Amino acid sequence: MNSENTEAEDHEDQDDDSGLYEHHKFVADSGQKPLRVDKFLMNFIENATRNKIQKSAKSGNIYVNNEVVKQNHKVKAGDVVQVMFEHPPYENLLVAEDIPLDIVYEDDTLLIINKPAGLVVHPGHGNYSGTLINGLIHHFDNLPVNSSERPGLVHRIDKDTSGLLVIAKTDHAMAHLSKQFFDKTSEREYVAIVWGNIEGEEGTIEGNIGRNPRNRLQNIVYVGDDADNGKPAVTHWKLIERLGYVSLVSCKLETGRTHQIRVHMKYIGHTLFNDERYGGDKALKGTTFTKYKQFVDNCFKILPRQALHAKTLGFKHPKTGEWMRFDTELPEDMANCIEKWRAYARNQLEDL
């Protein structure tokens, strides 16, 4: 199943002559074999169910090459598939919500937020409220918008990743900070728990990242003749501590691709601990003993998400030109999980 998004965002607010708004648009690539449109869309739209897609088809909301189609219509190579509704995408109808924000720093130009795990950064399919942006527009007026029309947002981190984000409060700050991220002059350091006793003390992972054609909710590394299917990505990692069957590492981003650390670490054989989407939510290393499996399950309960925290953020202040660097403590769930593995590794050594 090979398909790719158009260059536009999945959730554009774009109406046509019929008065309908485009919510999703996908173009089937040259390798697409005939596939029912409901199954095709299931590969693209996160949190969508086949029942909802079929209801949309029955209501005349699914188009292929500008023609309304039924749910069993076969999508072929080169087809343009759109999902159209009479209302704009819900995520573009932003509603201010009184969501608590952990503000680490604030001035008249920008603010730094320590995002908790579980908080979605911006509205999207299935998450139309309760996001960081809903909270931002409640607490701050007239935030500038980025190229995707998202107020204040210079960059983003995944829902279940915790850590630091910089928010722009002026148009100048938005442009200045965005350029720093684009030019790779900002500093972003993450801390991760990964499966396995990682070899060496440090290293660099280079591999173009793009959508997984077999699972559109994942990204993968493309190399060799397939490299053009992805975008260049570079991650620098350094060992912090060996903890038996897992390792604690620092990762610095040179680029900022979606799921970059999660994809790159899986690529070198060290999937993030409890990363459900990439297969880290089971014991990838260790013994087959029941007692060990119970230990791992207990660790999953302590840290019920991927073990990734955006710990450090550095950049030049858009107004003063001063280099600013912010650092956070690891959140409680990660710290507790690390301590549990540390005790386990210590006991293993004592038993030798």
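All heavy atoms count here, side chains included; hydrogens, waters and symmetry mates do not. Treat the numbers as computed from the prediction; the structure is a model and nothing was measured.
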Heavy-atom check, side chain of [X] versus side chain of [Y], under 4.5 Å:
X	Y	value
L136	L101	yes
T255	I209	no
E187	W323	yes
K115	I157	yes
H270	V249	no
L303	N336	no
K231	N208	no

Item to check | Positive for salt bridge (Lys or Arg N to Asp or Glu O under 4.0 Å) with R305, one of D160, D158, D281, D333 | outcome: D333

Item to check | All pairs passing side-chain hydrogen bond (donor to acceptor under 3.5 Å, both in side chains) where residues 64-73 contributes a residue, at least two apart | outcome: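 side-chain hydrogen bond (donor to acceptor under 3.5 Å, both in side chains) check on residues 64-73 returns N65-D79.
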
Item to check | Carboxylate-amine/guanidinium proximity below 4.0 Å for K266 and D275 | outcome: no

Checklist entry - Could K319 and D108 be called an ion pair, given the rule that one side-chain N must be under 4.0 Å from one carboxylate O? => result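 The answer is yes: the pair qualifies as a salt bridge.
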
Within a reach of under 6.0 Å around [atom1] of [X], are more than 12 heavy atoms found that belong to other residues, nucleotides or ligands?
X	atom1	value
N51	CG	yes
D225	CG	no
E106	CD	yes

Less than 3.5 Å apart, any donor N or O on the side chain of [X] or [Y] sitting next to an acceptor on the other?
X	Y	value
H122	T131	no
N61	H23	no
Q260	T235	yes
H172	T109	no

Return the minimal non-hydrogen interatomic distance between [X] and [Y], and the atom names on each side.
X	Y	value
A77	S30	CB-O, 3.7 Å
K282	F300	N-CZ, 3.7 Å
Y278	L217	OH-O, 4.4 Å
L165	V121	CD1-CG2, 4.1 Å
R188	S186	NE-OG, 4.0 Å

Checklist entry - Linking Ile, Leu, Val, Met, Phe, Trp and Tyr by side-chain heavy atoms under 4.5 Å, what else ends up with L313? => result V104, Y105, L110, I112, V154, L164, V166, M174, L177, F181, F315, M324, F326

Item to check | Distance (rounded to the nearest 0.5 Å) between T204 OG1 and H264 NE2 | outcome: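 Result: 10.5 Å between the selected atoms.
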
Next on the checklist: What's the separation between atom OG in S162 and atom CD in E332, rounded to the nearest 0.5 Å?
Outcome noted: 12.0 Å

Checklist entry - When the ring centroid of Y190 is compared with that of W237, is the distance short of 6.0 Å? => result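 No, too far apart.
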
Side-chain heavy atoms nearer than 4.5 Å, only ILVMFWY residues, links allowed to pass through others: does that put [X] and [Y] together?
X	Y	answer
V75	M42	yes
I137	L119	yes
I99	I133	no

Hey, does the side chain of [X] reach the backbone of [Y] with a donor-acceptor pair shorter than 3.5 angstrom?
X	Y	result
Q180	K316	yes
Y222	R211	yes
H259	Q218	no
K169	D107	yes

Below 3.5 Å, can you tabulate the donor-acceptor pairs from side chains in residues 191-203 to any protein atom, sequence neighbours excluded?
from	atom 1	to	atom 2	distance (Å)
W195	NE1	G280	O	3.0
N197	OD1	R242	NH1	2.6
E201	OE2	R242	NH2	3.4

Checklist entry - In terms of the angle between their ring planes, are F295 and Y344 parallel, tilted or perpendicular, with boundaries placed at 30° and 60°? => result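 Because their plane-to-plane angle is under 30°, the rings of F295 and Y344 count as parallel.
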
